Amino acid sequence: LLQLKLWNKYRVSNIPSLIFIDASTGKVVCRNGLLVIRDDPEGLEFPWGPKPFSEVVAGPLLRNNGQTLDSSALEGSHIGVYFSAHWCPPCRSLTRVLVESYRKIKEAGQKFEILFVSADRSEDSFNQYFSEMPWVAVPYADEARRSRLNRLYGIQGIPTLIVLDSKGDVITRQGRVEVLNDIECREFPWHPKPVLELTDSNAVQLNEGPCLVLFVDSEDDGESEAAKQLIQPIAEKIIAKYKAKDEEA
């Protein structure tokens, strides 16, 4: 029972998994400890606490036409940090949708940028994949910065799209689900909803922690709406409780 509680509390979805915790507060310091010990075997960056996005991303970024710009150009925009690779079929499928979403959001006058963090296996593969993208990327050769971004968000699988607000704080880690569920981008920047309707694309969240699933008669729209109104205040109360403790709900 204790083991199951720990798996649920820290949202462990695969093994091996190494998570560093602040003993005095119990809060997660770093979710991706395996990358940490690989990149910092001497412990020079200990205690490996989270750093601001602007600090981790600092440096030159690329456009697919070869132009470079400084990461400071991202300031003041909502940002999608996109972890992806050409060898991964779900990544290529998401990229096609994301290109259209990106254009719609920009055309609507929103300040939005996407940062591609590659997990490709060669620079040639990176160049081929990046040629399809209208946004910016961390240079493939800058493996240290790509790894630090993976560590910052505890990336355990791809594709992953982390959406940040203009201050660099996380709005949602479920950018992939949001993009696929909101093709017209009407709900950008996709602040999390207390209650979701279960779909194929967001079902992955059932694996990330305790969930309350309420079954209703889908043929009766009135029942569905009444059920949502029943559990909405409960969900909002739970989210507020965790937000007050500065923890993920």
Side-chain angles (χ1 to χ4, degrees), residues 1-37 40 43 45-57 75 77-81 83 148-157 160-179 181-182 187-198 201-214 227-249:
L1 183 61
L2 176 59
Q3 290 174 326
L4 182 60
K5 285 182 177 178
L6 288 170
W7 277 67
N8 285 336
K9 179 176 178 62
Y10 298 113
R11 303 186 180 194
V12 176
S13 57
N14 55 18
I15 56 173
S17 184
L18 178 61
I19 298 171
F20 294 114
I21 300 162
D22 183 331
S24 62
T25 64
K27 291 184 178 179
V28 173
V29 173
C30 175
R31 290 189 173 277
N32 215 335
L34 296 175
L35 272 179
V36 167
I37 59 175
D40 185 25
E45 296 180 29
F46 182 82
W48 304 303
K51 296 178 180 177
F53 169 76
S54 58
E55 182 179 331
V56 176
V57 78
E75 292 176 6
S77 297
H78 285 82
I79 300 164
V81 189
F83 299 86
R148 284 196 298 271
L149 284 162
N150 272 271
R151 282 163 46 189
L152 179 62
Y153 298 114
I155 302 303
Q156 295 186 343
T160 294
L161 179 66
I162 311 282
V163 182
L164 311 179
D165 65 18
S166 57
K167 297 178 183 176
D169 296 327
V170 174
I171 292 176
T172 179
R173 300 177 59 88
Q174 301 294 336
R176 175 191 184 187
V177 172
E178 298 293 353
V179 165
N181 282 349
D182 183 25
E187 298 178 7
F188 174 83
W190 304 302
H191 288 280
K193 296 175 185 165
V195 179
L196 296 175
E197 184 172 343
L198 188 61
S201 57
N202 67 26
V204 65
Q205 294 179 71
L206 294 171
N207 295 323
E208 296 188 355
C211 295
L212 172 65
V213 183
L214 180 59
K228 183 177 179 180
Q229 290 178 9
L230 175 69
I231 59 176
Q232 180 90 8
I234 300 170
E236 289 174 349
K237 185 176 179 180
I238 292 170
I239 288 172
K241 182 182 79 170
Y242 279 91
K243 189 173 183 180
K245 295 192 292 185
D246 196 26
E247 293 180 2
E248 287 187 61

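The structure displayed is predicted, hence computed values, not measured ones. Note: hydrogens, waters and symmetry copies are ignored here, and every other heavy atom, side chains too, is used.
- A salt bridge links Arg151 with Glu45: at least one charged nitrogen is closer than 4.0 Å to a carboxylate oxygen.
- No side-chain heavy atom of Asn181 sits under 4.5 Å from any side-chain heavy atom of Trp190.
- Counting heavy atoms from C-beta outward, Lys51 and Arg148 have side chains that stay 4.5 Å or more apart.
- Taking CG from Leu196 and NZ from Lys228, the interatomic distance works out to 9.0 Å, rounded to the nearest 0.5 Å.
- Relative ring orientation between Tyr153 and Phe53 is described as tilted, the plane-to-plane angle lying within the 30° to 60° band.
- A 4.5 Å side-chain heavy-atom check between Asp40 and Phe46 finds every atom pair outside the cut-off.
- Residues Val170 and Leu164 are in side-chain contact: their nearest non-hydrogen atoms beyond the backbone lie under 4.5 Å apart.
- From Leu18, atom CG reaches atom CG of Leu35 across 10.5 Å, with rounding to the nearest 0.5 Å.
- A distance of 10.5 Å separates CZ of Arg176 from CG of Leu161, quoted to the nearest 0.5 Å.
- The main-chain N or O of Lys245 is found under 3.5 Å from a side-chain atom of Lys27 such that the two form a donor-acceptor pair.
- Between the NZ atom in Lys167 and the NE2 atom in His78 there is a gap of 10.5 Å [rounded to 0.5 Å].
- Residues Leu206 and Leu198 form a side-chain contact, since some pair of their non-hydrogen atoms from C-beta on lies under 4.5 Å apart.
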